[in-house]
Amino acid sequence: MYLPLFLLSTIVFPGSAIPLHIFEERYKQLINESWRSKKPFGISLSADGKLYDVGCIVEIADVMTRYDDGKMDIIITGSRRFKMNHFSSGEKPYFIAEAEYYDDDETAISQLLLSNAIHLFNKIAKGITSTSIKQIFISELDKVMPSFQIALKSGLTLEQKQKLIESKSENSRLEMLLAHLNTLNLIVEEADIANAIIKNDGYFQASDFNL
């Protein structure tokens, strides 16, 4: 398949919804074309001079604001992962990716890993008194890939997020999250630095702990 390619310095997970401010001319055109055609495009991480080949297919959920100079504020939603085999430029100002779907090799989820991850996240959330952090409930999570929803609120670094999106096993992703949350929990408990949790939408910020 061929996907219009949006290079971004962040990572979009399947099932997530994030706002974007569109200001580059090439991406103004991409977004306008995608909005008119109702067709998706791909987002890949571009950081430190490297373009990563596993990303997320996204759709435009809403164009919230259009400015006089053509800039836009939009909301995108992640759907399915893709792996880029090749990308090229041509008649469009943005890149086109030749890609394939990138799905998990397994579908069975360890309920023990999932419940442990949720329990640990909620334990940390309860222990933070300087700000309100919404707890996670299993009934609110995706039935197939809940790890991505937990990851959204767990303060992972870009490197950790990319490893997560590249993993083709839900159980491996849950194990990665558990390792991260265990480290975070130890730091919070031992150092009693709850005030180092940033007050930004109730999310944990990994950089505050030098993870």
Side-chain angles (χ1 to χ4, degrees), residues 10-20 38 40 42-43 45 54-62 64 74-82 101-189 194 196-209 211:
T10 190
I11 293 167
V12 179
F13 288 138
S16 64
I18 66 170
L20 289 179
K38 304 302 179 187
I43 286 184
L45 173 65
V54 175
C56 190
I57 298 172
V58 303
E59 298 177 349
I60 303 171
D62 191 20
M64 299 180 294
I74 68 173
I75 297 288
I76 58 169
T77 55
S79 58
R80 192 172 178 180
R81 290 172 294 169
F82 71 91
Y101 291 122
Y102 189 84
D103 298 322
D104 282 355
D105 293 328
E106 61 179 40
T107 56
I109 301 175
S110 166
Q111 294 303 309
L112 178 61
L113 283 174
L114 178 58
S115 62
N116 285 345
I118 293 171
H119 172 76
L120 190 51
F121 179 95
N122 288 341
K123 179 183 177 183
I124 296 169
K126 286 179 182 178
I128 303 304
T129 57
S130 57
T131 189
S132 176
I133 298 173
K134 185 179 178 182
Q135 295 187 44
I136 291 175
F137 299 96
I138 194 168
S139 60
E140 299 173 351
L141 297 177
D142 181 82
K143 304 300 181 186
V144 179
M145 296 187 294
S147 60
F148 288 127
Q149 288 174 279
I150 300 171
L152 281 173
K153 305 182 73 175
S154 298
L156 301 173
T157 65
L158 270 181
E159 182 181 6
Q160 288 173 315
K161 289 179 180 179
Q162 187 63 33
K163 285 182 179 178
L164 208 72
I165 201 171
E166 290 179 0
S167 171
K168 301 187 80 171
S169 164
E170 175 64 13
N171 291 330
S172 291
R173 291 192 294 270
L174 288 170
E175 288 173 348
M176 289 183 213
L177 284 171
L178 271 170
H180 169 74
L181 290 170
N182 270 310
T183 301
L184 185 61
N185 185 51
L186 285 173
I187 292 171
V188 171
E189 285 184 343
I197 302 296
I198 64 165
K199 298 168 181 153
N200 179 23
D201 298 327
Y203 289 10
F204 302 140
Q205 183 67 29
S207 61
D208 288 335
F209 302 101
L211 299 180

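Below, each value reflects all heavy atoms present in this structure, side chains not excepted, and no hydrogens, waters or symmetry copies.
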Check the pair S154 / F121 against side chain to side chain contact (heavy atoms under 4.5 Å, CB included), numbers first and verdict last.
CA-CA 8 Å; S154 298; F121 179 95; 3.8 Å; yes
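Partners of A61 according to the side chain to side chain contact (heavy atoms under 4.5 Å, CB included) rule, which considers only residues two or more places apart in sequence or in another chain, are I75, T77. In this structure E166 satisfies the side chain to side chain donor-acceptor pair (under 3.5 Å) test together with Q162, sequence neighbours excluded. By the side chain to side chain donor-acceptor pair (under 3.5 Å) test, S169 pairs with E106, S172, sequence neighbours left out. Not a single side chain to side chain donor-acceptor pair (under 3.5 Å) links D62 to another residue, sequence neighbours left out. Not counting sequence neighbours, Y102 has no partner by the ring-ring contact (aromatic ring centres under 6.0 Å, His included) test. Applying the salt bridge (charged side-chain N to carboxylate O under 4.0 Å, His left out) criterion to R81, with sequence neighbours excluded, gives D104. Here S110 pairs with L112, L113, N171 under the side chain to side chain contact (heavy atoms under 4.5 Å, CB included) rule; sequence neighbours left out. Partners of F82 according to the ring-ring contact (aromatic ring centres under 6.0 Å, His included) rule, which considers only residues two or more places apart in sequence or in another chain, do not exist here.
Taking all atoms of both residues into account, the shortest heavy-atom contact from V12 to I165 is O-CD1, 3.4 Å. The shortest heavy-atom contact between E170 and I109 is CG-CG1, 3.8 Å.
Residue pairs meeting the salt bridge (Lys or Arg N to Asp or Glu O under 4.0 Å) criterion with at least one partner in residues 176-187, sequence neighbours excluded, do not occur; the list is empty.
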List the atom pairs, donor and acceptor, that lie under 3.5 Å between side-chain atoms in residues 136-144 and the rest of the protein, sequence neighbours left out.
residue, atom, partner, partner atom, Å
D142, OD2, V144, N, 2.8
D142, OD2, M145, N, 2.6

